[in-house]
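We name chains A, B, ... by the order of the sequence lines, and we start the count at 1 in each one. What you see is a predicted model, and the numbers here were worked out from it, not measured in a lab.
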2 protein chains.
Amino acid sequence: MTSPIPKATVRRLPIYLRFLEECGPNTPTVGSEDIARATHGSAVQVRKDLSHVRCSGVRGVGYEVDELRQAIAKALGLGVTRRVALIGAGNLGTALAGYPGFPASGFRICSVYDKNPRRVGMVLNGMAVRHVSRLLQDAVGEPYEIGVIATPAAAAREVADLLVEARVGAILNFAGVTVQVPPEITVRNVDLATEFRILSYYLT
Amino acid sequence: MTSPIPKATVRRLPIYLRFLEECGPNTPTVGSEDIARATHGSAVQVRKDLSHVRCSGVRGVGYEVDELRQAIAKALGLGVTRRVALIGAGNLGTALAGYPGFPASGFRICSVYDKNPRRVGMVLNGMAVRHVSRLLQDAVGEPYEIGVIATPAAAAREVADLLVEARVGAILNFAGVTVQVPPEITVRNVDLATEFRILSYYLT
DNA sequence: TAGATTGTTAATCGATTAACAATC
DNA sequence: TAGATTGTTAATCGATTAACAATC
C-alpha cells in the first residue's frame, strides 16, 4: 500500500461515500463544494481528503460520481466481502441483523449468537440464532473477520475474549463498556450514552 | 462559563466518566494511569483533559473517584434532566427506549413517535407510541431538548425538519443520512454503516 | 525525606485553512 | 480566452507528548 491515509480523513471518507451513493443517475458529476455542503464540511477539506484517494477530479468540472465512489470504496478496502459474526440477538442485535446498509457495503453477517436459550433458534433475517458456545468451533472452518458485540454491558468483556480467541481481525462494540484486546485487533466502541453525553456539553 | 473545553477532550470525558461509574465502592481513588489503561489512552492525556474540569487530584495519591465523577458530570452539563423525544419505534427505537444508561444520565425519553399506524399505540418501556403528527402540539407545552431520529433513512430529513420546527436544542441522528438543520442546533450523526467502513480501512 | 503522582509549560506533531498555481 | 474548479504548497491552528516542577 501507499502512505497511510490520515485518521481524520478516514473518518470522513465514508461520509462522502454515503453522499455519493445518494446521488441519483441525474447527477453524473459533483464538485467539492457540493460534497462539502451535503456533509457539513469545507470544499478545501474535501479536496485535500480526496487527494489521498487515487482519484479523478477534472479541473473546471468536478468529480465523476461513479468513478469517485469506486475510488473511495477501494481506498477504504471495501468491495471485498467480509464475514461478520453478530453476538447478541436483543433489540439492537435485531436492528443490526436487518440493517440493509451492511450487505450493500460487503459486510455479510454470517451468524448471530446469543446466550439466552429463549432466543437460540429464533430466526433473524433468515439466520437461526445459535448458542454462543458454538462460536469458537464455527470460526475454525470459516474465520470471522469482524465481530460485533450487541450484548448487555455485563456480557461484553466475556464476549470480547471469545472473539479474540476466535481470531477476528476487528471488533465493533456497542455494549457501552470498554473492552481490552491485544493491540493487533482494531476495536471501535460505539456507545449510545457517550453520544448523548457529548451532546449534553454542547447543549449547555 | 469559563473557557470552552477542547472538542477532543469533550469526546473523551464521557469515556472517563463511564470508567469511573464502573468503579465499585472498593475503589475510592484512581490514578491517571488507571484511567488511561482502562480507556486506551495515556496518563498525560488524562491529566491534561482533567485540567479542564474543576477537579480534585491529589499529588502522590490520585483522584477521589466520587468527586471526579461529579466534576466531570458537571463539566459536561449532566445532572440536569433533559426531555428527549424519540422518533421511530422499530428495532433501533425499541433498543433506545429500553436502554438503562439514559435515565441514569438524566436523559428522559418522554415520548416515542412513529408514522406506522401498526406501531402507534404499542407500549414501549411504559410509553404508548404516538403518531408523529402529534409531535408538534406536544412540544408546545413541554418542549423537547433533544430529538432522536431512529427512523429508516428515507424518513430522516422530514423528521429533522419537524424537530427543528419543534425547537429542539440538539438532534441525535441514527438514520444514516446527513440531515440539514440551522447552525444553532447541534447534530450528531451516528451511522452504523459508517462505523463498519472506518473499521474496514484498518482491516486492510 | 523519599516515593508517588499531579499539574503545567514548552516542544512536537498532525490537521485545517489560506493562497495560488494548474488546467479543463 | 475567460470562467470554473481541482490540486498543492505554505501558514496557521489545535491537539498530543515530553520534560519537569509542584506537592501530597
Given atom [atom1] of [X] and atom [atom2] of [N], what is their separation to the nearest angstrom?
X: B/Arg59; N: D/dC20; atom1: CZ; atom2: C1'; answer: 11 Å
X: B/His52; N: C/dT8; atom1: NE2; atom2: P; answer: 10 Å
X: B/Leu50; N: D/dT16; atom1: CG; atom2: P; answer: 13 Å
X: A/Arg54; N: D/dT6; atom1: CZ; atom2: P; answer: 18 Å
X: B/Arg47; N: D/dA22; atom1: CZ; atom2: P; answer: 16 Å
X: B/Asp34; N: C/dA4; atom1: CG; atom2: C1'; answer: 13 Å
X: A/Lys48; N: C/dA21; atom1: NZ; atom2: C1'; answer: 15 Å
X: B/Tyr63; N: C/dA4; atom1: OH; atom2: P; answer: 18 Å

Say whether [X] and [Y], considering side chains only, have a donor N or O and an acceptor N or O under 3.5 Å apart.
X: B/Arg12; Y: B/Gln45; value: yes
X: A/Asp49; Y: A/Thr9; value: yes
X: B/Tyr63; Y: B/Ser32; value: no

(request) Could you please name the partner base of C/dA15, counting Watson-Crick and G-U wobble pairs only when both distances are under 3.5 Å? (result) D/dT12
(message) Need the pair for C/dT6. Rule: Watson-Crick or G-U wobble, both distances under 3.5 Å, any strand; none if unpaired.
(response) D/dA21
(request) Could you grab the distance from atom CG of B/Asp191 to atom CD1 of A/Ile15, nearest 0.5 Å is fine? (result) 8.5 Å
(message) Over all strands shown, is A/Arg11 touching base, sugar-phosphate only, or nothing at heavy-atom distances under 4.0 angstrom?
(response) nothing
(message) Donor-acceptor check, side chain of A/Glu145 to backbone of A/Gly169, threshold 3.5 angstrom: yes or no?
(response) no
(request) Would you indicate which nucleotide in C/dT6, C/dC24, D/dT6 comes nearest to any side-chain atom of B/Ser32? (result) C/dT6
(message) Quick check for you: among C/dT8, D/dT8, C/dA15, whose closest atom lies nearest to any side-chain atom of A/Val44?
(response) D/dT8
(message) Under 4.0 Å from OP1 or OP2 of D/dT17: is there any side-chain N or O of B/Gln45 that close?
(response) yes
